[in-house]
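Okay, so here's the structure we're looking at.
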Amino acid sequence: MKAMTIKPGVSKIGAVHWERRLFDSLIPLPDGTSYNAYLIEGKDKIALLDTVDPMTSDVLIEQLKDVEKIDYIIAHHAEQDHSGCIPLVLEKYKEAKVICTPKAKTYLMDLLLIPEDKFITVEDGETLDLGGKTLKFIHAPWVHWPETMFTYLVEDKILFTCDFLGSHLATSELYATDECKVYEAAKRYYAEIMMPFRNFIEKDLEKIKDLDIDIIAPSHGPVYNNPKFILDAYNEWVYAKPKNIVVIPYATMHGSVKKMVEYLQTALVAKGVIVKPFDLSVTDIGELAMALVDAATIVIGTPTVLTGAHPMVVYATYLANALKPKTKFVSIIGSYNWGSRAQDQLSQMITNLKVEVISPVFIKGFPKEEDFKALDKLAEEIVKKHEEAGIL
């Protein structure tokens, strides 16, 4: 991958990881990803903004082969997909200093064993003049670690946001030209990584709203030469109230729960509710996370396994609780034979969600006529709640 010029003296470098399919041994990457680094050349000094994941270190070093000096390495975030090659760059450019927040300094020393004398820490709003290129550092804690920051290149009106506003998307294009594709990838990225920190993101959107921004350059995915596109998307995901959507993550072993889900889905759709069921045995967990961004209601469906909820349902419930979507209502449906504590187990796992719990429907064996009536009642209650919330 060769350097791509964004503006005179500003280049995007880094690596495209086309074949990567899992991040943090957790997050599916159906479209691969990229690790974006940026080179800013002022009249007096040169700064490298972030590095790449160590798995692609050879790509970065090759891109830097004709760069005679780097004065500063700007570390926006200590996670290794951005910071992991800082030691290699310091080895090549022995006079370079690492610029970061005070918290990031501690993290980078711990994670990468960088000597303390290699650091310069910056406060919120502090600037650095490279010679005709002024960098303004903006602290952005908890997006999505406590040490993160952005960099605003004043003269060129470029905001470098690291993980914020990014997308796990491998592409050879510099800019986000296929906005439909980028929107989906960015929403998946928001859902999986940023949504738990929605309250902090509100503050950061407010913090940058008065900046004169021509370009947003994140550390994953394409660059935005239409900043309004991604900022409008984030404002929708963060601020808008939930939509008239019911998400049903479920597992089924012998068909009872599947039958319940199908019946409830039919009853809700007939009443004007959008339903998104997810059979957890085949679900891309990122697709579920994206659905949670907009859902007003979650209905968790589980059979009973050794008196508890199905392990896949436990995982999905744990995930929903960790992601903290804007969901307003939750219910549980399921089945058992000789005994179950699944309802209590799952109820205790959603303490992060500020939701109203709608009475569960838990049945014995395969659903019967009275069980279908109970599901009809649940559908009616969900519709009523959506109407009262002004979303139906």
Query raised in the report: Which is it for Asp214 and Lys7 under the salt bridge (Lys or Arg N to Asp or Glu O under 4.0 Å) test, yes or no, and what are the steps along the way?
Result: CA-CA 11 Å; Asp214 282 349; Lys7 289 194 176 184; 3.4 Å; yes
**Report entry** Cationic N near anionic O, under 4.0 Å, Lys276 to Glu287
**Finding:** no
Query raised in the report: With a 4.0 Å cut-off, would you call Arg21 and Asp31 a salt bridge?
Result: no
Query raised in the report: Out of curiosity, does Ile158 fall in the hydrophobic cluster containing Val143 (side-chain heavy atoms, cut-off under 4.5 Å, transitive links)?
Result: no
Query raised in the report: So with a 6.0 Å cut-off around NZ of Lys377, is the heavy-atom count from everything else above 12?
Result: no
Query raised in the report: Can you tell me if His77 and Ser83 form a side-chain donor-acceptor pair at under 3.5 Å?
Result: no
Query - Ion pair Asp156/Lys133, N-O distance below 4.0 Å - result: yes
Query raised in the report: Does NZ in Lys181 sit with more than 12 non-hydrogen atoms of other residues, nucleotides or ligands closer than 6.0 Å?
Result: no
**Report entry** Ionic contact status for Glu380 with Lys385, cut-off 4.0 Å
**Finding:** no
Query - Shared hydrophobic cluster for Ile70 and Leu128 (ILVMFWY, side-chain gaps under 4.5 Å) - result: no
Report task. Look at the side chain of Thr327 and the backbone N and O of Phe329, then say whether any donor-acceptor pair between them is shorter than 3.5 Å. Result -> no
Query raised in the report: Of Val257, Leu346, Ile333, Leu280, which is the lone residue that meets side chain to side chain contact (heavy atoms under 4.5 Å, CB included) with Thr302?
Result: Leu346
Query raised in the report: Distance-only, no hydrogens or angles: does the Glu155 side chain make a donor-acceptor pair with backbone N or O of Thr134 under 3.5 Å?
Result: yes
Report task. Begin from the C-alpha positions of Leu159 and Ile208 and carry the test side-chain contact (heavy atoms from CB on, under 4.5 Å) through to its verdict. Result -> CA-CA 9 Å; Leu159 182 64; Ile208 66 174; 3.9 Å; yes
Requested in this report: For Lys328, look at atom NZ and say whether over 12 heavy atoms of other residues, nucleotides or ligands are found less than 6.0 Å away.
Outcome: no
**Report entry** Donor-acceptor side-chain pairing of Tyr189 and Asp163 below 3.5 angstrom
**Finding:** yes
**Report entry** Sub-4.5 Å side-chain heavy-atom contact between Asp294 and Lys187
**Finding:** yes
Report task. Would you please test Glu236 and Lys243 for salt bridge (Lys or Arg N to Asp or Glu O under 4.0 Å) and show each step? Result -> CA-CA 11 Å; Glu236 167 73 17; Lys243 297 178 182 178; 3.6 Å; yes
Report task. Test Thr297 against His386 for side-chain hydrogen bond (donor to acceptor under 3.5 Å, both in side chains), laying out the working first. Result -> CA-CA 9 Å; Thr297 298; His386 283 206; 2.8 Å; yes
Query raised in the report: Measuring from Lys65:NZ to Leu60:CG, what's the distance to the nearest 0.5 Å?
Result: 13.5 Å
Query raised in the report: Thr51 side chain to Cys85 main-chain N or O, any donor-acceptor pair under 3.5 Å?
Result: yes
Query raised in the report: Strictly under 6.0 Å, is that where the ring centroids of Phe160 and Tyr38 end up?
Result: yes
Report task. Can you measure from NZ (Lys136) to CG (Asp129) and round to the nearest 0.5 angstrom? Result -> 14.5 Å
Query raised in the report: Can Leu130 and Tyr72 be said to form a side-chain contact (heavy atoms from CB on, under 4.5 Å), step by step?
Result: CA-CA 10 Å; Leu130 304 179; Tyr72 305 109; 3.9 Å; yes
Query raised in the report: When the ring centroid of Phe150 is compared with that of His76, is the distance short of 6.0 Å?
Result: no
Query raised in the report: Is the shortest distance from a Lys or Arg side-chain nitrogen in Glu184 or Arg188 to a carboxylate oxygen in the other one below 4.0 Å?
Result: no
Requested in this report: State the NE2-CH2 distance between His144 and Trp142, to the nearest 0.5 angstrom.
Outcome: 10.5 Å
Requested in this report: Using only heavy-atom distances, determine whether the side chains of Glu381 and Ser359 contain a donor-acceptor pair under 3.5 Å.
Outcome: no
Query raised in the report: Around atom CD of Glu370, are there more than 12 heavy atoms of other residues, nucleotides or ligands at under 6.0 Å?
Result: yes
**Report entry** Lys326 side-chain N/O to Ala240 backbone N/O, donor-acceptor pair under 3.5 Å
**Finding:** yes
Requested in this report: Look at the side chain of Tyr224 and the backbone N and O of Leu165, then say whether any donor-acceptor pair between them is shorter than 3.5 Å.
Outcome: yes
Query raised in the report: Going only through I, L, V, M, F, W and Y residues with side-chain contacts under 4.5 Å, is there a path from Ile61 to Val16?
Result: no
Requested in this report: Apply the ring-ring contact (aromatic ring centres under 6.0 Å, His included) test between Tyr190 and each candidate in Phe164, Tyr234, Tyr183; give the one that qualifies.
Outcome: Tyr234
Query raised in the report: Can Asp81 and His220 be counted as having a side-chain donor-acceptor contact under 3.5 angstrom?
Result: yes
Query - Test log, rule salt bridge (Lys or Arg N to Asp or Glu O under 4.0 Å), inputs Lys207 and Asp124 - result: CA-CA 11 Å; Lys207 200 169 188 178; Asp124 188 23; 2.9 Å; yes
Query raised in the report: Going by an N to O cut-off under 4.0 Å, is there a salt bridge joining Lys373 and Asp371?
Result: no
Requested in this report: Determine whether the side chains of His139 and Glu123 contain a donor N or O and an acceptor N or O closer than 3.5 Å.
Outcome: no
Query raised in the report: According to a 4.5 Å side-chain heavy-atom criterion applied to Ile, Leu, Val, Met, Phe, Trp and Tyr, with indirect links allowed, do Tyr107 and Val122 form part of one hydrophobic cluster?
Result: no
Query raised in the report: Is there a donor in the side chain of Asp376 and an acceptor in the side chain of Tyr263, or the other way round, less than 3.5 Å apart?
Result: yes
Query raised in the report: Do other residues, nucleotides or ligands put more than 12 heavy atoms under 6.0 Å from Leu306 CG?
Result: no
Requested in this report: Examine the side chains of Tyr35 and Arg20 and answer whether a donor and an acceptor come within less than 3.5 Å of each other.
Outcome: yes
Report task. Could you state whether Phe278 and Met349 fall into the same hydrophobic cluster, counting links through intermediate Ile, Leu, Val, Met, Phe, Trp or Tyr residues with side-chain heavy atoms under 4.5 angstrom apart? Result -> yes
